[in-house]
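Structure record follows, encoded as structure tokens.
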Amino acid sequence: MFQPVPANPSFPVLEREILAFWKDTDAFETLRRLRAGGPTWSFMDGPITANNPMGVHHAWGRTYKDLFQRFHAMRGFDLRWQNGFDCQGLWVEVNVEKDLGFKTKKDIEAYGLAPFVVLCKQRVLNFAAVQTEQSIRLGMWMDWNDPAVLRYLRDQLGQDPGATLTLHGPRGQVTGTVEQLVGQLGLPQLGGSYFTFSDKNNYDIWKFLKTCHEQGWVYKGTDVMPWCWRCGTGISQHEIVTEGYIDRADPGLTVRFPLLDRPGESLLVWTTTPWTLTSNVAAAVGPELTYVKVKQGDEVLYLSKGTLKMLRGQFEVLGELSGQALEGWRYAGPFDELPANQHAGGWSEPGLRRLFARIPESAVQAHRVVLWDAVGEAEGTGIVHIAPGCGAEDFQLHKQYDLPVVAPLDENGVYIEGFGWLTGQPVSEVTDRIVADLQAKGRFYRLEPYTHRYPQCWRCATPLVFRLVDEWYVGMDGLRKPLMRLTEQIRWIPEFGQDRELDWLRNMHDWMISKKRYWGLALPIWECAQCGHFDVLGSREELQARAVAGWDVFAGHTPHRPYIDAVKVRCSACGGTAERIKDVGNPWLDAGIVSFSTLRYGDEPDYWRKWFPADFITESFPGQFRNWFYSLLTMAAALEDQPAARTVLGFATLLAEDGRPMHKSWGNAIEFNEAADNIGADVMRWMYASQKYDADMLFGYHGADETRRRFLLPLWNVYSFFVTYARLDGWTPARSAAGRRTELDRWILARLEQLIAQVTAALNDYHVYKAAQPVEAFLDDLSNWYVRRSRRRFWKSEADADKQAAYATLYEVLVTLTKLLAPFVPFITEHLYQNLVRAVAPGAPVSVHHGEWPAVNADLVDEAVLADMDAARTVVTLGHAVRAAGNLKVRQPLGRVVVVAPPEKHARLTHHQALILDELNVKALEFAENEAELVTYKLMPDNRALGPRFGAQFPKVRAALAAADPAAAVAALRSSGKLALTVDGQSVEVAAGDVLITPQPKAGFAVRAEGEYVVALDTAVTPELRAEGLAREFVRRVQDLRKTAGFEISDRIVTHYVASEGLAEAVGAFAGYIRDETLTVDLRPGFLPAGAATAEDAFDGETLKLAIARAEAPAGPEPAAKRRTPAKKAIAQPGAKRQPTSKKPASKPASKRKAARQKAAPKKTAAQRQPASKKPVSKPAPKKAAKPKARPAARSRKTR
RNA sequence: GGGCCUUUAGCUCAGCUGGUUAGAGCAUCCCUCUGAUAAGGGGAAGGUCUGUGGUUCAAGUCCACAAAGGCCCA
């Protein structure tokens, strides 16, 4: 027997129960066992950064991940189920620093690298635990670590990383220090999620880098890049674009560069970064620009013609010349007196100077005008000051013109030696003194604040400087072509993903893999201080073999700083001692290697071959083309020359409901836990599932509520309806005779087959929303048509074949739908499955997620059944429209509905005659005998058929058709199957199939048309029909009063009434019907007893006073067999009284609704009835029942 | 500056290879049904499909250009 179903479930509460059920039954592990050995479907999880709680934007992608894993598991595939955590890099460091209140790198070094790295690991373990719990809450089935174990390791690591522990893994006990065990998380011996800080992950990157080095791709390069002097690190272009430009007022300083060969003449140069003037080497002009020679006072100045307006005061233009003409002019620099500017090759920190040693000139000697296409006139003077040590583009010009490089700043933004009075000064504090110095030297021209967008550090908001640094790179030219070839072998969804990736690959520069920080991959590069040669080591074993010192310090530790730094090796070139470079790795190395490291590459070749490449990966598009997708592809290309994945699904960005990014400070952010608690995981998952991939998603509570109301609630209502009546009838699938299926049954089953085919095809094609759309359409058909049209079949007393068929059909639909929806909404489907299947078939699989995907059999879709129902529904819709237009309420029965339809469609409708009559509340269905009375025809060509046939002549054919006499044309087409038209004086013939005949209703409000159908209602209300209508009105009011007075569904009542004449007659004539519908055992005219619930009303020119009271209760509960006699739908059974629905008294909302109706009533029916007045009164006032808190002001039911 | 995506009703979005009168949900208004009930159903209103040009018998759909917004690169 099915368990009772609450009418108004809390989905979040239900989901927690299901989570407990899965845990208690070990449901996930059971699924793994069931599918072990099946064909493989390989999903590779893109690692989530374990640095903060996960957000609702993560839940989007994670829903896809879970959905496709569940779908494939149901289809019988064996899966790996491994989640991944991204663990290393600056993101984690930043948060640890924040926790500690650190400001700069010096704070970290003072604190100590070893404890700092421990804190980073602890943070990762902590948020891995948090994200694990959140993911479980979302319904993700993965091979999760126990969060408690992760927290235990976190705490043990903090106490003593060297303490020895034993954990139990899939292959038995694993013993080691805490640090060693943490380094083995996710590996086969410990299982669970992979962590990119694992030893295996790090050493596999070593192997990759060594492979690259063997190809000659690894090199040390020097560049000028954005730098935060507080953090002491370079900031990549990517980091800048995500967080950080601000509008900022900088000094706009204009200075003179006196020309050496033209006494009294100067270039005018403008800059917003005065500190870079100390390192000026050249001045750039645009070769295509026009420059002017200007006399102002005693001096002659040069600037571009387009920037003349920046001059103040009087001046005289002496002449014009092209930028080309200025090339090579030599000038005196602003700080030529500094030693740094007098050094051949330029000046920089000692370690970098050798790079420019081949350049013979000093900055002073090099000062000259160079040509540069990028010079513009939007700001400044059209003459750009070039300091190759202080700007990225300037540095490119150094390469182009072999200019010296003067790089003034150390990593903390302080002037290095060689800069005279500036040495030792922080860059942030020198502007005023530089300006003063230039004034003293006569170089100063003007200073005006200038507001512009300037990059800042995303972590500390310090304005960035540009600084010369050396970093390590992997040259990508050798991989560019192979990567593009492999990219084309991958299926990208949406398709434009491939173009994006190819575009990136065409444009990508060499991959900068180093970062001067502490927590991350220890780059396996050992550099010899003596000869500058470097080696890249490919494994821990190689390192041990080549170590000459420090191995004892490192042994037993994970390959992280600081311990790895202690190991020194023999230089393979000069035999000297090489040390590891101090840099850590780019975190995308960590994420890119996972299709090797997690698949036991090198350790278990068979396993790797079994699971590589991934069948499927999915991540949010923004960023991933040059991040994870890129690094994943690159690693696979370098190591195996294979694509790392067969299908890549990318999706857009999640925004708040207001269309803006979610921001805590804007108040539009929703945290995952909050969302899960408020709206539940299933609702969220369905929102994600319905979303198109390539459009940004607006996520918020309004959409969530709509999703709940549109999808989850109707699903629940159908289920609840089924269970309620199946319990009352004691129906179970085991006992079911097949019954005799009706047209309606066959229709919904045909729709179900259609749905299975659609959903299966869409998911096989990785198109989630194309699966979700037909599901919603089906649910609408099921809830608002099948169930609505079938209700009486479940209510009725007889347990006949028709009722059996109804139960069997609805049951089959519900169970199949449950399976189809299981990957989408795993919680509610599990609940449904437990009650619908397990409660009556204990031998069935324990979980819906252990079951098999419904078989696709598109052949079972019965097109005729579907078309019949379509026709019937069209007619019903039109009939409703006719009633609405004519203000003919459905409660008033009418004599007949008259339909105009093509003769061959008549059978479709007679098939569904009973349905149409009932739905429209009419007595007869007729087909128009003389259509011409009701309709005219509009003739339209079938464009697809006739367009190509007639080509340019087509418009004339169309016109001829429109001009033809419709009635005659239709007659001709119907009798002979063809029609002759005259076009351009020639006769052409069209066939019946080439012409679409659209009937058009003739004037008159009681007719509606759509497509091939026209529906008319006979609006004559005979006295008999009127009486029946009044009887229905009477019933309606009794039912209302029953609810208002708080009666149970099953209560028998005595009904007293006082009615005007017409109504009284109708009540008499339809007494039997009234008693049945209202469970009235005694229908008494006249006397209104005290103590009863009463109401009065006026309608249709009649008046009514009602009083009802409970009939004397029978001695005991009625036997089930007996309850059926009186009522069609209300059912007395002890169990029924415990249904929350039936227990509900006429509550506040009901009376509000009534108030709303009372208010509306006079408006709509003023012509027919007097203003309604009905006062629900509850005499015995059972419970808080009919406390008529009816607020007259209530405007509509929606106001609640 | 280059590449890609988006632009359809007040809002959020569907519209397959060009083809009949461009659809849905929400919101609004009107009506209705009622023991799925803090639900349900029907109807109305709401569109120069961002603009301009082109191809075509036929363009929301294809092409070109432009505009706005977004993503990426430089």
Side-chain angles (χ1 to χ4, degrees), chain A residues 7-8 237-238 241 374 494 496-497 499-504 506-509 621-623 625-626 652-653 655 657 659 690-692 694-698 702-703 705-707 709-710 713-714 716-722 724 769 773 776-777 780 783-785 787-788 791 795 876-885 887-891 919 921 938 940-958 996 998 1008 1010-1011 1035-1036 1039-1040 1042-1043 1047-1050 1129-1131 1139 1141-1142 1144 1147-1150 1152-1153 1157 1160 1163-1165 1196-1198 1200:
Chain A
N8 284 309
Q237 196 64 29
H238 173 238
V241 293
F496 67 77
D499 295 334
R500 286 277 191 89
E501 189 64 39
L502 289 173
D503 183 56
W504 160 255
R506 264 189 295 273
N507 293 308
M508 69 179 172
H509 294 185
F621 261 166
F625 294 103
R626 62 204 149 94
T653 306
L655 303 171
E657 214 156 31
S690 318
Q691 173 71 25
K692 259 179 110 172
D694 44 5
D696 289 347
M697 177 173 183
L698 307 187
H702 289 102
D705 195 50
E706 192 185 322
T707 298
R709 292 207 326 260
R710 198 185 60 232
L713 224 44
W716 186 269
N717 284 339
V718 172
Y719 156 71
S720 161
F721 174 88
F722 170 81
T724 300
Y769 65 92
Q773 280 171 352
E776 292 196 13
D780 189 60
S783 169
N784 290 331
W785 196 250
V787 170
R788 190 162 70 84
R791 270 188 292 204
W795 287 339
V876 166
T877 301
L878 290 173
H880 279 304
V882 171
R883 276 189 175 269
N887 204 9
L888 301 163
K889 57 189 172 184
V890 180
R891 219 178 293 156
E919 187 70 20
N921 196 17
K938 188 176 171 191
M940 304 278 288
D942 181 345
N943 293 337
R944 260 183 231 252
L946 296 183
R949 199 169 119 200
F950 289 102
Q953 215 182 14
F954 184 55
K956 289 176 178 168
V957 175
R958 176 189 280 268
L996 304 166
T998 312
R1008 281 281 171 145
E1010 182 186 310
V1035 166
R1036 172 85 286 277
Q1039 302 286 33
D1040 244 12
R1042 284 180 59 105
K1043 276 172 88 176
F1047 287 13
E1048 303 292 343
I1049 296 182
S1050 52
K1129 53 184 168 183
I1131 292 155
Q1139 297 295 319
T1141 38
S1142 55
K1144 180 169 281 188
S1147 54
K1148 199 161 69 177
K1152 269 195 197 170
R1153 194 162 58 238
R1157 194 176 305 145
K1163 217 192 293 178
K1164 67 186 185 203
T1165 52
S1196 83
R1197 48 208 317 195
K1198 303 292 182 198
R1200 283 190 291 279

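Sequence lines set the chain letters: A, B, ... in the order given, protein chains first and strands last, and positions in each chain run from 1. Computation of the quantities below employed the complete heavy-atom set of this structure, encompassing side-chain atoms and omitting hydrogens, waters and symmetry-equivalent molecules.
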* Which nucleotide in the list B:G70, B:G41, B:C4 gets nearest to the side chain of A:Phe496? -> B:C4
* **Base B:C4 to side chain A:Arg500, donor-acceptor N/O within 3.5 Å cut-off** => yes
* Same-atom distance (P) from B:C16 to B:C62, integer angstrom -> 9 Å
* Structure fact -> Of the listed B:G2, B:A27, B:A74, the closest approach to the A:Asp503 side chain comes from B:G2
* Shortest side-chain distance from A:Gln773, nucleotide among B:A39, B:A14, B:G42 -> B:A14
* Could you measure between the two P atoms, the one in B:A24 and the one in B:C31, and give it in whole Å? => 22 Å
* Expressed as a whole number of Å, how far does the C1' atom of B:G23 sit from that of B:C49? -> 12 Å
* Asked: Using the C1' atom in both, what is the distance from B:G43 to B:U48, to the nearest Å?
  -> 27 Å
* Round to the nearest Å and state the distance from A:Arg891 atom CZ to B:G41 atom C1'. => 14 Å
* Could you pull out the closest heavy-atom pair between A:Glu657 and A:Leu698, with the gap in Å? => O-CD1, 4.1 Å
* Return no unless some side-chain N or O of A:Arg788 is found under 4.0 Å from OP1 or OP2 of B:G42. => no
* What's the closest nucleotide to the A:Asp780 side chain, out of B:A39, B:G41, B:C4? -> B:G41
* Whole-angstrom distance between B:C4 and B:A9, as gauged at atom C1' -> 28 Å
* Structure fact -> When rounded to whole Å, the CE to P distance for the pair A:Met508 and B:C72 reads 19 Å
* Structure fact -> Across every strand shown, the nucleotide meeting Watson-Crick or G-U wobble geometry with B:A36 (both distances under 3.5 Å) is none
* To do: Take A:Trp785 and A:Glu706, find for each the nucleotide of RNA chain B with the closest heavy atom, and name the residue whose nucleotide sits nearer the 5' end.
  => A:Glu706
* Structure fact -> In Watson-Crick or G-U wobble terms, with both distances under 3.5 Å, the base opposite B:G1 is B:C73
* Is there a Watson-Crick or G-U wobble partner for B:C29 with both distances under 3.5 Å, and which nucleotide is it? -> B:G43
* Asked: Out of B:A36, B:G19, B:A14, which has the shortest distance to the side chain of A:Lys692?
  -> B:A14
* Establish whether the base of B:G35 is bridged to the side chain of A:Arg1042 by a donor-acceptor pair shorter than 3.5 Å. => yes
* Structure fact -> Against the side chain of A:Phe721, the closest entry in B:A36, B:G25, B:G19 is B:A36
* Can you tell me the distance, in whole Å, between the CG atom of A:Leu655 and the C1' atom of B:C11? => 15 Å
* Does B:G53 have a Watson-Crick or wobble mate here (both distances under 3.5 Å), and if so which one? -> B:C63
* Asked: Whole Å only: how far is the CH2 atom of A:Trp716 from the C1' atom of B:A36?
  -> 13 Å
* Structure fact -> Winner on side-chain proximity to A:Asn784, out of B:G3, B:A14, B:G41, is B:G41
* Toward the 5' end of RNA chain B, by each residue's nearest nucleotide, A:Asp942 or A:Gln691 -> A:Gln691
* Asked: Under 3.5 Å, is there a donor-acceptor pair between the side chain of A:Arg709 and the main chain of A:Asp705?
  -> no
* Closest listed nucleotide, where the reference is the side chain of A:Arg710 and the choices are B:C5, B:G43, B:G25 -> B:G25
* Asked: Quick one: A:Arg709 CZ to B:U12 P, roughly how many Å, whole number?
  -> 18 Å
* Asked: Within this structure, what is the CD-to-C1' distance between A:Glu776 and B:G25, rounded to whole angstrom?
  -> 9 Å
* **Between B:G51 and B:U8 - C1' atom distance, rounded Å** => 14 Å
* Asked: For atom P, what is the distance between B:A59 and B:A66, given to the nearest Å?
  -> 24 Å
* Whole-Å distance between B:C11 P and A:Leu698 CG? -> 13 Å
* Asked: Contact class for A:Arg883 vs. all strands (heavy atom < 4.0 Å): base, sugar-phosphate, or nothing?
  -> nothing
* Structure fact -> So OG1 of A:Thr653 and CE of A:Met697: to nearest 0.5 Å the spacing works out to 12.0 Å
* To do: Measure the CZ-NE2 distance between A:Arg883 and A:His880 for me, rounded to the nearest 0.5 Å.
  => 8.5 Å
* To do: Please evaluate the base of B:A36 for a donor-acceptor partner in the side chain of A:Thr724 within a cut-off of under 3.5 Å?
  => no
* Taking the side chain as every heavy atom from C-beta outward, state whether A:Phe954 and A:Asn943 have any pair of such atoms under 4.5 Å apart. => yes
* Asked: So what does A:Thr653 hit on the nucleic acid, given a heavy-atom distance under 4.0 Å: a base, only sugar-phosphate, or nothing?
  -> nothing
* To do: Name the closest nucleotide to the A:Asp696 side chain, picking from B:G70, B:A36, B:U12.
  => B:G70
* Asked: Among the nucleotides B:A36, B:G42, B:U12, which one has an atom lying closest to any side-chain atom of A:His880?
  -> B:G42
* Asked: If you look at every heavy atom in A:Gln691 and A:Asp696, which pair is closest and at what distance?
  -> NE2-O, 3.4 Å
* Asked: How far does the P atom of B:U50 sit from the matching atom of B:U7, given to the nearest Å?
  -> 8 Å
* In the structure shown, which nucleotide is the Watson-Crick or G-U wobble counterpart of B:A68, with both distances under 3.5 Å? -> B:U6
* To do: Starting at atom OH of A:Tyr769, determine the distance to atom C1' of B:C13, rounded to an integer number of angstrom.
  => 12 Å
* Where A:Ser690 and A:Glu776 come nearest, the two heavy atoms and their spacing -> OG-OE2, 3.9 Å
